[in-house]
Amino acid sequence: MEKFVPVVVIKELSETDKILTALKQSGIHTAEITFRTACAAEAIAYAVKNYPDMEIGAGTVINAKQCEEALAAGATFIVSPGLSESVAKICAAKNIPYYPGCVTPTEIMAALELGITTVKFFPANVYGGLKALKALSAPFPQVKFIPTGGVDRSNIDEFLAFDKIAAIGGSFFVKEALEKMEAEK
Ligand code: 3PG
C-alpha cells in the first residue's frame, strides 16, 4: 500500500475518469472507492479495467455482501469504518488485505485475533489524533495505523512523522488533486 490513501466517493460512474486522472497527475496511484454510492462496485470494476497502474480498493465496506461485491469487481484491498469479522474472514480466505476501523484497545485486540496488524484509525480527529495513536502504540507495538477522518494538510506531517503510521487516508487528497488539475487547465 502507498503512503496516501484517497477516500473516493463516486456519485456517477462518469466522474471516475476525472478523479482517477487527477490523482495520478498528483502522483497518487491508490484509490479507496467507497461503498457509499450505488455505483461503487461498478466504479471499482471500471477503475480496475481502465487504470491497471493504480491500486484500487474498496472503502466503507460494512458487511459480507459488499465485500463479495467489491472483490468480484476486482478490489485489491478492503477498508471498513469499523471491524467486521465476516469481512475479515472473507478477505483472509482470499488473501486480500483488510483494514478495519479500530480506535479502542478492545477493537485492536479483536483485529489482532483475526490476524490483522494494520488498522484504520477513524475518525482520527475525534478519537484523539496522534496523541491517542502514541498511547495505543505502547501496548500494541506490533500495530500500524492508517489515520483517517479530519486529516488534511494542516496535520498530515505530524502523523507522517510517527513510525507506527502505515499510511494516511482522507478525502482531502481527492479535493486537492481536482483543484490542482483545475488550476493547471
Ligand atoms: C472515511 O470514510 O475514511 C472518511 O469519510 C474520510 O474522512 P475525511 O473526509 O475527513 O478525510
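For ligands, and for the atoms within them, numbers begin at 1 and follow the listed sequence.
Remark: minimum distance from atom 10 (O) of ligand 1 to any protein heavy atom is reached at G150 N, 2.8 Å. What sits closest to atom 4 (C) of ligand 1 on the protein, heavy atoms only, is F122 CE1, 3.5 Å. Looking from atom 2 (O) of ligand 1 to the surrounding protein, the closest heavy atom is R36 NH2, 2.2 Å. Given atom 6 (C) of ligand 1, the protein heavy atom at minimum distance is T148 CG2, 3.8 Å.
Inclusion of S171 in the set of residues having an N or O under 3.5 Å from an N or O of ligand 1 is warranted. Every N/O-N/O distance between G169 and ligand 1 stays at or above 3.5 Å.
A distance-only check finds a donor-acceptor pair linking the side chain of T37 to the backbone of I10 [under 3.5 Å]. Of the possible polar contacts, one joining the Y98 side chain to the S84 backbone as a donor-acceptor pair under 3.5 Å is found.
Under the 4.5 Å side-chain heavy-atom criterion for ILVMFWY residues, no single connected hydrophobic cluster contains both L71 and V5.
Atom numbering of ligand 1 starts at 1 in the shown order; those under 4.0 Å from a heavy atom of V7 are 1 (C), 3 (O). Close approach of ligand 1 to G170 is summarised as follows: ligand atoms under 4.0 Å from at least one heavy atom of the residue are 11 (O).
Between K65 and E69 a salt bridge is recorded (basic side-chain N to carboxylate O distance below 4.0 Å).
Only side-chain heavy atoms of K120 come within less than 4.0 Å of ligand 1; its backbone N, CA, C and O stay farther off.
Using a 4.0 Å cutoff on heavy atoms, P81 does not count as a contact of ligand 1. At least one heavy atom of G149 lies less than 4.0 angstrom from ligand 1.
By the 6.0 Å and 45° rule, K134 stacks over the aromatic ring of F162. Relative to the ring axis of F122, K120 places its NZ or CZ within 45° and under 6.0 Å from the centre.
Aromatic ring orientation, F145 versus F121: perpendicular (interplanar angle above 60°, classes split at 30° and 60°).
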Practice problem: Please test E85 against K89 for salt bridge (charged side-chain N to carboxylate O under 4.0 Å, His left out), starting from the C-alpha separation and ending with a verdict. | Solution: CA-CA 6 Å; E85 213 177 299; K89 286 186 175 152; 3.0 Å; yes
